[in-house]
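What follows is a single structure, written as structure tokens, with notes after it.
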Amino acid sequence: MAKLDKLLDAQDAPETSSAKEETASQQEARQKIIGGDRTHFEGLGMPFAVLLGAPPQKLINQVVATCLSAGGSRPAWSWKRSGSEYHVMAWPKEEPVRAAVLVGGKEKEKLRPLDCFPLIEGLPNDLTVDSVYAWQQGMGANVAAFVEEGYKPMWFYDPMYSRDKDDLTPGVRQTFLVGALAFALKKALLDNLTITQGPYYEEYAAKWLEDHPGSGRLDVPPLQINMAGQHIIMPGQNYCEYQMRTSIDQIEDHKLDKMEVKILYVRFPFEGRDPVLLPIYASKAVLKDYEPKVGDEIDAYVWLQGRIIDIDDTTQPVPEGFVADTKAEKEEPAKA
């Protein structure tokens, strides 16, 4: 992972006479690789669609009604701000994957629904706040936080931004519960990847030409990437969306109403610090006929969700075996 990050941080080729005509395409390719052309898409249609297995507009009224009538809450999911009170009602109460409704209003007055979102339990990761993009619609926000100095920030959607906002100060380190919801996921089939076009190749070609003065574009060899055992995270089309390559450490089976949902526990190692721990929620609608197994290497396109850890709340602990494996990893750090 560290090697990949250095590749993505490589400087553009100098604008020599031989490279001038390629500068525009190189810059465009670089923007795609580093996620420079991403947008803050404000919509939860896709997260709901993969969990409900149907267009959300057909079911959202029923979802809201069910959350309010049969859902539950926690002390950490209730807060007050500027004379108003807020409560998150989530359903089903006994599952780590839920639909949730945020209700609020003036204290001691009637409360009304303000927002509706999927709510997934994440795993604790210590991250340093970088910046916040508050949604214009709803009560959520996209939050950027650094895993480690020298790396680009990780973006995730915070559905409890109204609760967390005072603690999201840039430069402050917080423990966040971060989880991923799979929009697409499959078993990785290729251990070796040959790339001859596209943004990855354009970035690589620019660097190769810089290192080989006098060479032309036709001299650039194909980019060969050994994918076996790699842990890779790349920006997706929108903020909070990522392309991932990783392997499965543990699996749990859960349900959101009638939709079967598997939690695939994965980790992304870093040198000199604890790995990033991540549960990937993959619904039957996404997995289709694929039955994941521990040890499988997977390719996934995911949406990240996170919130500041719910203090004094131990209802969704890290799986015991996953903790033991992580502690062992400290003795023999995994190579990125």
Side-chain angles (χ1 to χ4, degrees), residues 5 8-9 28 30-51 56 60 76-77 79 81-82 84 86 88 99-102 104 113-183 233-244 268 276 278 280-281 300-310:
D5 194 76
L8 301 184
D9 282 335
E28 181 181 355
R30 176 173 175 76
Q31 286 302 304
K32 290 181 179 179
I33 292 174
I34 66 176
D37 58 350
R38 286 177 294 176
T39 60
H40 286 289
F41 177 73
E42 298 187 24
L44 296 171
M46 181 62 77
F48 268 120
V50 300
L51 287 175
I60 199 66
W77 295 356
W79 63 93
R81 182 182 297 278
S82 303
S84 296
Y86 302 91
V88 173
V101 174
L102 173 65
L114 301 174
D115 207 353
C116 182
F117 45 83
L119 183 62
I120 57 178
E121 293 293 348
L123 293 180
N125 289 280
D126 291 336
L127 308 171
T128 302
V129 179
D130 175 49
S131 58
V132 174
Y133 174 85
W135 282 27
Q136 303 302 306
Q137 304 294 327
M139 303 287 286
N142 294 343
V143 177
F146 292 105
V147 174
E148 188 176 18
E149 185 177 350
Y151 288 83
K152 297 176 180 65
M154 172 190 296
W155 283 90
F156 51 84
Y157 171 73
D158 184 353
M160 298 191 186
Y161 171 63
S162 177
R163 182 199 70 176
D164 295 343
K165 63 191 306 182
D166 289 345
D167 296 313
L168 294 174
T169 304
V172 173
R173 199 160 182 82
Q174 298 281 6
T175 299
F176 291 92
L177 298 175
V178 184
L181 179 62
F183 289 173
I233 305 178
M234 293 295 298
Q237 181 177 353
N238 301 307
Y239 285 99
C240 306
E241 296 177 7
Y242 289 87
Q243 304 170 65
M244 293 183 172
F268 291 89
V276 169
L278 200 64
I280 300 179
Y281 289 74
Y301 191 88
V302 306
W303 173 74
L304 295 187
Q305 181 183 120
R307 64 181 188 271
I308 291 178
I309 193 169
D310 301 335

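Along the sequence shown, residues carry numbers from 1. The figures that follow rest on heavy atoms only: side chains count, while hydrogens, waters and symmetry mates do not.
Closest heavy-atom contact between Tyr301 and Gln237: OH-N, 2.8 Å. Taking every heavy atom of both residues into account, Asp310 and Ala76 meet most closely at CB-CB, 3.6 Å. The shortest heavy-atom contact between Pro124 and Thr175 is CB-CG2, 3.8 Å. The shortest non-hydrogen separation linking Trp77 to Leu119 is CH2-CD2, 3.6 Å. Across all their heavy atoms, Cys116 and Val101 have their closest contact at SG-CG2, 4.1 Å. Between Ala182 and Ile280, the shortest heavy-atom distance links the atoms CB-CG2, 4.0 Å.
Residues Gln174 and Arg307 fail the side-chain proximity criterion, which asks for heavy atoms closer than 4.5 Å. Contact of the Asn142 side chain with the Val132 side chain is not registered, since no non-hydrogen atoms from C-beta on lie closer than 4.5 Å. Proximity of Pro170 to Phe146: side-chain heavy atoms (C-beta onward) are nowhere separated by under 4.5 Å. Residues Leu51 and Tyr281 have side chains not in contact (no heavy-atom distance under 4.5 Å, counting atoms from C-beta outward). Between Ile309 and Phe176, the closest side-chain pair of non-hydrogen atoms is not below 4.5 Å. Proximity of Val129 to Asp167: side-chain heavy atoms (C-beta onward) are nowhere separated by under 4.5 Å. With contacts defined as side-chain heavy-atom distances shorter than 4.5 Å, the pair Val178/Leu127 qualifies.
In this structure, the side chain of Glu241 does not engage the main chain of Phe183 through any donor-acceptor pair within 3.5 Å. Arg173 places a side-chain N or O within 3.5 Å of a backbone atom of Asp126 that can act as its donor or acceptor partner. The main-chain N or O of Ala144 is never found under 3.5 Å from a side-chain atom of Tyr133 such that the two would form a donor-acceptor pair. Asn125 places a side-chain N or O within donor-acceptor distance of the main-chain N or O of Leu123, the cut-off being under 3.5 Å. In terms of modelled atom types and a separation under 3.5 Å, the side chain of Arg163 and the main chain of Tyr86 share no donor-acceptor contact. No side-chain donor-acceptor contact under 3.5 Å links Gln137 to the backbone of Glu42. Here the side chain of Asp115 pairs no donor or acceptor atom with the backbone of Leu102 at under 3.5 angstrom. A donor-acceptor contact shorter than 3.5 Å is absent between the side chain of Gln305 and the backbone of Asp158.
The distance from the CE atom of Met154 to the CG atom of Leu278 is 7.0 Å, given to the nearest 0.5 Å. To the nearest 0.5 Å, the span separating CZ on Arg38 from OH on Tyr239 amounts to 5.0 Å.
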Might you work through the side-chain contact (heavy atoms from CB on, under 4.5 Å) test for Asp164 and Val143, ending with a clear yes or no? CA-CA 11 Å; Asp164 295 343; Val143 177; over 6 Å; no
Trace of the side-chain contact (heavy atoms from CB on, under 4.5 Å) decision for Tyr157 with Leu44: CA-CA 10 Å; Tyr157 171 73; Leu44 296 171; 3.9 Å; yes
Would you check, one step at a time, whether the test side-chain contact (heavy atoms from CB on, under 4.5 Å) holds for Asn238 with Trp303? CA-CA 9 Å; Asn238 301 307; Trp303 173 74; over 6 Å; no
Could you walk me through whether Tyr151 and Ile233 pass the side-chain contact (heavy atoms from CB on, under 4.5 Å) check? CA-CA 12 Å; Tyr151 288 83; Ile233 305 178; over 6 Å; no
